[in-house]
There are 2 protein chains.
Amino acid sequence: MDTENILSEHGLRNTEARHGVLDVFKKYDYALSHSDLEKELQKYFDRVTIYRTIHAFLDKGIIHKVIDDSESAKYALCADECSSDRHHDNHAHFKCTKCGNSECLNHVQVPNINLPSGYLVSESNLLIEGVCKSCN
Amino acid sequence: MDTENILSEHGLRNTEARHGVLDVFKKYDYALSHSDLEKELQKYFDRVTIYRTIHAFLDKGIIHKVIDDSESAKYALCADECSSDRHHDNHAHFKCTKCGNSECLNHVQVPNINLPSGYLVSESNLLIEGVCKSCN
DNA sequence: ATACTATTTGCAATTCTGTTGCAAGTGTTT
DNA sequence: AAACACTTGCAACAGAATTGCAAATAGTAT
């Protein structure tokens, strides 16, 4: 889907900043932090705008948070079926300890876990750390 | 094990600050952030001391990091067998979307995942989100 | 094409999180 | 009780993230 349609389908205006941020996400196949985005976009947009764009995208289900033990949060594009109502990102994430990049392992499903009674599960997140294909 | 023995067995001096921080961890059955600790202890110890105590405890295997999609890092007591050489915290964590607390599921092991060839795994982290026993 | 309105942006200021250097204080060992 | 290394508090700093507000812009209706 092209960038403008992604925005309008999620109820967001097609502004330069959002277009720019979304294009950066499309360009990389691993999760990006605010500072990654800032490095690419600081000439064009304000830091605060990038923060607000991230929030808007999270809110509308365009990106999701990638859990990671590093200090700063990282984000990646959702699969097409995500919306603000419902996320379908039930795959594992891999973080390379050498290059620091996090990628989505779209084909690795998070196995179903049986929890003690009384717990309701809504989402599972599996983060695997190690050395990635490129660094190995 | 009592607080003073935990400290000395992990090679740490038995100081007021460490005693105090460890007691707070014992008091709660969910993971605590620096700011949680600060709320309880700010009358007695400096912010920086709490940060340094967290680092010392992490280092010696008294607490482990609990990965969580919230902004700030959280920590919880390790099982007794952990040391600075070796952590044995291969359990899942549960984060309640209602109360926001994260707890250790000590009896739920993180499953072993087969990755595509080329990847080396060093550590796995499983975070399950939903509604906890108390909130349900 | 123009005008209107709600949304979005940039800037400045502020808050929160985490770290570092250093002098003073404390725990442990002898 | 003395000695030494470790620990603490303070002040300063660096980075991450949020907020209020005025100016700019997108989308819609005219």
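These values consider heavy atoms only, across backbone and side chains, with no hydrogens, waters or symmetry-generated copies.
With respect to B:Lys95 and B:Glu103, no salt bridge is recorded, no charged nitrogen being found less than 4.0 Å from a carboxylate O.
Between the CD atom of A:Gln42 and the P atom of D:dG15 there is a distance of 13 Å, rounded to whole Å. We find that CZ of A:Phe45 is positioned 13 Å from P of C:dC11, with the value rounded to whole Å. The OH atom of B:Tyr51 sits 17 Å away from the P atom of C:dG21 (whole-angstrom rounding). C:dT26 atom C1' lies 16 Å from atom NE2 of B:His19, rounded to whole Å. Distance, B:Lys43 NZ to D:dT8 C1': 20 Å, rounded to whole Å. Between B:Asp46 atom CG and C:dC22 atom C1' there is a gap of 14 Å when expressed in whole angstrom units. One can place CG of B:Leu37 at 11 Å from P of C:dG18, the figure rounded to the nearest angstrom. To the nearest angstrom, P of C:dC11 lies 12 Å from CD1 of A:Ile50.
Residue B:Arg18 is in sugar-phosphate contact alone, with no base atom involved, counting any heavy-atom pair closer than 4.0 Å across all strands shown.
Scanning atom types as modelled, one donor and one acceptor separated by under 3.5 angstrom connect the side chain of B:Arg52 and the base of D:dG9. Side-chain atoms of B:Arg47 come within donor-acceptor range of the base of C:dG18, with a qualifying N/O pair under 3.5 Å.
Classified by interplanar angle (parallel below 30°, tilted 30° to 60°, perpendicular above 60°), the ring pair B:Tyr119/A:Phe94 is perpendicular.
Between the OG1 atom of B:Thr3 and the CG atom of B:Asn5 there is a distance of 9.0 Å, given to the nearest 0.5 Å.
Between B:Thr15 and C:dG27, a side-chain N or O to OP1/OP2 separation shorter than 4.0 Å is absent.
Side-chain contact of A:Ser8 with A:Asn14: a donor-acceptor pair under 3.5 Å is absent, judged by distance alone. Side-chain atoms of B:Tyr51 and B:Glu38 form no donor-acceptor pair, as typed in the model, at a separation below 3.5 Å.
Ranked by how close their nearest DNA chain C nucleotide is to the 5' end, B:His55 and B:Arg13 are led by B:His55. Between A:Val48 and B:Val48, the one whose closest nucleotide on DNA chain C sits nearer the 5' end is A:Val48.
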